[in-house]
Amino acid sequence: MDRFLSSDWQRDIYNDIYYSDVDKEYKAIRPDRQAAELAFILKPYAHVIKGLDFGGGNGKTAFNMRATGFDYISYDPHSSDKNVRIDPSVINFISAFEVFEHHPQPLELMRELIQCSNDERLVILICTSRLPNILRHTPLQWAYIAPRNGHISIASKNSMKIIAKRFSMKVFIIGNMHIFFKKNAWVIGAFIMLRIIYQKISKNIEFICNGILRKLACR
């Protein structure tokens, strides 16, 4: 896979079987969820965000973001969005949902992300699952590691910190969200971190309340 060309990925991994049987949330469910999360996190900055959804698949996440008032484009090397023109002088925010696990060389991927923007206040939001601590000695028992899914690079907190340091960036980590930012963007980086925390707390409270209501309804 290290030597795969884009055509190899499309033929052997991201083919019709992948989208129909392996990744059934690809077309709408996941992009809708991602856009809803992004729109909430970035809402206070909607008027200044010039966003790029890197590895955006069919482009629906970016489409949904534009529908809610954001200036957002999508790029994916394995889809029709591979020919999208990216203007580094414009982009100031990059999202990469479940992209790192699909790339054989994470450092090269990070370099490519950074090259998409000249902004010294660039923020990159990377969403990727990390290896659970309980499986750190037996990682291949984790179902998420599956070449048929295209999941070939698995992150850890330490690896994400190493990537940030390599590119002179800082990173905040909350769950599976990783907020990379340049030193001049620490304010917006910290604000995005707080928005993510608030979002997660709100979801947990909603989940607990719904559980209580269901129990009361069964009495």
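- Atoms CZ and CE, on Phe100 and Met160 in that order, are 5.0 Å from each other to the nearest 0.5 Å.
- With contacts defined as side-chain heavy-atom distances shorter than 4.5 Å, the pair Arg130/His178 qualifies.
- Donor-acceptor pairing under 3.5 Å is lacking for the side chains of Ser153 and Glu101.
- Counting heavy atoms from C-beta outward, Gln34 and Arg30 have side chains that approach closer than 4.5 Å.
- Counting only N and O atoms by type, the side chains of Tyr72 and Thr61 include no donor and acceptor under 3.5 Å apart.
- Using a 4.5 Å heavy-atom cutoff, the side chains of Lys183 and Ser168 are not in contact.
- The environment of Tyr198 atom OH is sparse: at most 12 non-hydrogen atoms of other residues, nucleotides or ligands sit within 6.0 angstrom.
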- Task: Apply side-chain contact (heavy atoms from CB on, under 4.5 Å) to the pair Lys170 and Lys165, showing each step before the final yes or no.
- Result: CA-CA 7 Å; Lys170 299 293 184 181; Lys165 186 175 182 179; over 6 Å; no
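- Here the CG atom belonging to Asp53 is positioned 10.0 Å from the CG atom belonging to Leu125, to the nearest 0.5 angstrom.
- Looking at every heavy atom in both residues, Phe181 comes nearest to Val171 through CE2-N, 4.2 Å.
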- Task: Could you walk me through whether Phe180 and Phe172 pass ring-ring contact (aromatic ring centres under 6.0 Å, His included), step by step?
- Result: CA-CA 7 Å; Phe180 290 81; Phe172 291 140; over 10 Å; no
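- Heavy atoms of other residues, nucleotides or ligands lying less than 6.0 angstrom from NZ of Lys200 number more than 12.
- Pairs of residues two or more places apart, or lying in two chains, that qualify as side-chain hydrogen bond (donor to acceptor under 3.5 Å, both in side chains) and include a residue from residues 42-52 are Lys50-Asp71.
- Here Ile162 contributes atom CD1 and Phe167 contributes atom CZ; the two are 12.5 Å apart, rounded to the nearest 0.5 Å.
- Using a distance-only test at 3.5 Å, with no hydrogens or angles considered, no donor-acceptor pair links the side chain of Asp119 to the main chain of Ile91.
- Under a 4.0 Å N-O distance rule, the pair Glu206/Lys203 does not qualify as a salt bridge.
- The CZ atom of Phe93 sits 9.5 Å away from the CD1 atom of Ile124 when rounded to the nearest 0.5 Å.
- Between the side chains of Asp87 and Ser89, at least one donor N or O sits under 3.5 Å from an acceptor N or O.
- Separating the CD1 atom in Ile49 from the CD1 atom in Ile41 is a distance of 11.0 Å, to the nearest 0.5 Å.
- Around CZ of Arg121, the count of heavy atoms belonging to other residues, nucleotides or ligands within 6.0 Å does not exceed 12.
- The heavy-atom pair separating Gly57 from Asp76 by the smallest distance is N-OD2, 2.8 Å.
- Here the straight-line distance linking atom SG of Cys116 with atom CD1 of Ile94 works out to 5.0 Å at 0.5 Å rounding.
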